[in-house]
2 protein chains.
Amino acid sequence: MADQVILLNSSMSAFGMRVRIALIEKGIKYEHCEEDLNNKSDLLLKMNPVHKKIPTLIHNGKSVCESLIIVQYIDEVWNDRSPLLPSDPYQRAQARFWADFVDKNVHETTKGVLWSTKREEQEAANKFFETVKILEGELGDGPYFQAETFGFVDISLITFCSWFHVLEIFGKFSMEAKFPKIIAWAKRCMQRESVAKSLPDPKKIYEFVMERRKGLGLD
Amino acid sequence: MADQVILLNSSMSAFGMRVRIALIEKGIKYEHCEEDLNNKSDLLLKMNPVHKKIPTLIHNGKSVCESLIIVQYIDEVWNDRSPLLPSDPYQRAQARFWADFVDKNVHETTKGVLWSTKREEQEAANKFFETVKILEGELGDGPYFQAETFGFVDISLITFCSWFHVLEIFGKFSMEAKFPKIIAWAKRCMQRESVAKSLPDPKKIYEFVMERRKGLGLD
């Protein structure tokens, strides 16, 4: 019997994009269910009763939650193709460390730039720069993050790059001038079909951010 | 050549205790280096330059950081004995989910009870209760967390139980009366040599908390 794979998601979520990329990299057919986050479906509430968040993957009726856990699950179940984590335990630990670093730092500092007031914006931008500088220093010389092949850390980080365009507008800086290595890496990732198909149009992100900033009284 | 394993740690850290338990479960000989967190060693700063935190494991000269990542690393390197994560991908994902839940919720709500002011204490206690209630509901009927054998989620959670005694004093509640299943599970875990050897004397934790609360002007 063929696998039934359903992804409960919201297209603008950097976390949800990670799961889409992993599924496409593995060549897994899946059904994409767009959730209205202001009116969550009964299926989402049933399948992710603890956090009630997207992305939630449903594989043959059983749910897996939290994006990095889902990507590892996908890598372990469909382990006959396109490995996402390295096979060596030390390299796996390093990949988990940097994906965890992205989770703990990139998301927070990105939000800092986008939702900051005029008074906070310079400090917020500096925190974001510190984070990206650390990541740029760790990229290595290969085409992907510390690796010759596209994998776990690339997936965890590239989805935030779709927000760079709006970050540049609101933070008034040029990512390419500040972080040429990260931008070159991001462009390599964007050339992959899995990434190109999963990342939303920057215009849509801009509109989303504008609306949210208005709601927060920032503009 | 024998493995050289060094653990940079602080005995009172619930995160550090996790690594000690995993090393003892696997029967790995290691050197324990107690860090003064007010005056961190050059070795810690060199081996964990990003977070500069304990626990940091050094295995044959290479470092692994972040407690849950270290425990997974230990499980993958010494994979010939006492498995800590299940072999089935779905069960592994579930174990990772609950260990992540402990990280995101138990630590925060424990701190809430310990470092709250009089005015905040009831709300802090309620948040802690909500978290433990969810975990108690998920324990299952086996001797360990959703399992017949001691593993990853048990390790991630049991180290916070050494703080229950002080939580009861400062929060003015009885864990055993409120959460009999969790306390019965904790007692089973405490009977294991790995746990008994790794958890500090509750008296020491009480003294540590008293001192910290004085420093914060809470008593």
Side-chain angles (χ1 to χ4, degrees), chain A residues 3 5 15 19 22 26 47-53 55-80 84-105 130-131 133-135 137-138 152-153, chain B residues 3 5 15 19 22 26 47-53 55-80 84-105 130-131 133-135 137-138 152-153:
Chain A
D3 282 298
V5 180
F15 300 105
V19 180
K26 292 280 186 178
M47 286 297 178
N48 190 349
V50 176
H51 300 309
K52 304 175 182 69
K53 282 184 181 170
T56 291
L57 189 81
I58 310 173
H59 179 207
N60 296 336
K62 292 199 282 189
S63 59
V64 183
C65 307
E66 300 292 276
S67 65
L68 293 182
I69 294 173
I70 300 172
V71 173
Q72 288 179 83
Y73 173 78
I74 290 169
D75 199 35
E76 292 179 4
V77 170
W78 290 274
N79 60 1
D80 57 337
L84 302 175
L85 278 107
S87 57
D88 172 70
Y90 178 74
Q91 288 176 7
R92 290 168 75 85
Q94 290 299 103
R96 288 190 181 118
F97 177 85
W98 287 112
D100 177 70
F101 178 87
V102 170
D103 256 18
K104 287 179 178 156
N105 295 279
E130 274 170 36
T131 296
K133 194 179 168 192
I134 289 173
L135 288 165
E138 293 290 332
F152 193 55
V153 188
Chain B
D3 283 299
V5 180
F15 301 104
V19 180
K26 292 280 186 178
M47 286 297 178
N48 190 349
V50 176
H51 298 310
K52 304 175 181 69
K53 281 184 181 172
T56 291
L57 188 80
I58 310 173
H59 179 207
N60 296 335
K62 292 200 282 191
S63 60
V64 183
C65 308
E66 299 292 275
S67 65
L68 293 182
I69 294 173
I70 300 172
V71 173
Q72 287 179 83
Y73 173 78
I74 290 169
D75 199 34
E76 291 179 4
V77 171
W78 289 275
N79 60 1
D80 58 337
L84 302 176
L85 277 107
S87 56
D88 172 70
Y90 179 73
Q91 287 176 8
R92 289 168 75 85
Q94 289 300 101
R96 288 189 181 119
F97 177 86
W98 287 110
D100 178 69
F101 178 86
V102 170
D103 257 18
K104 287 179 178 155
N105 295 279
E130 274 170 37
T131 296
K133 194 179 169 190
I134 290 173
L135 289 164
E138 292 291 332
F152 193 54
V153 188

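Computed from a prediction, not measured in an experiment: that's the story for all the values here. Chain identifiers are assigned alphabetically (A, B, ...) following the order of the sequence lines, protein sequences preceding nucleic acid strands; residue numbering begins at 1 within each chain. Reckoned from all heavy atoms, side chains included, excluding hydrogens, waters and symmetry mates.
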Go through the atoms of [X] and report whether side chain, backbone, both or neither lie under 4.5 Å from a heavy atom of chain A.
{"X": "Trp78(B)", "value": "neither"}
{"X": "His51(B)", "value": "side chain"}
{"X": "Glu138(B)", "value": "neither"}
{"X": "Asp100(B)", "value": "side chain"}

Flag if over 12 foreign heavy atoms under 6.0 Å of NZ, Lys104(B):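 Atom NZ in Lys104(B) is packed in, count exceeds 12.
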
Other residues, nucleotides, ligands: >12 heavy atoms within 6.0 Å of Lys26(A) NZ: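 For Lys26(A), atom NZ is crowded (more than 12 foreign heavy atoms under 6.0 Å).
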
Using 30° and 60° as the class boundaries, would you call the ring planes of Phe97(B) and Phe101(B) parallel, tilted or perpendicular?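 Rings of Phe97(B) and Phe101(B): parallel, under 30°.
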
Do any N or O atoms from the side chain of Asp3(A) and from the backbone of Val5(A) form a donor-acceptor pair under 3.5 angstrom?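 No; judged by distance alone, with no hydrogens or angles, the pair does not exist.
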
Going through the distances and angles, do His59(B) and Val64(B) end up as a side chain to side chain contact (heavy atoms under 4.5 Å, CB included)? CA-CA 8 Å; His59(B) 179 207; Val64(B) 183; 5.7 Å; no

Proximity breakdown for Arg96(A) and chain B, heavy-atom pairs closer than 4.5 Å: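 Both backbone and side chain.
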
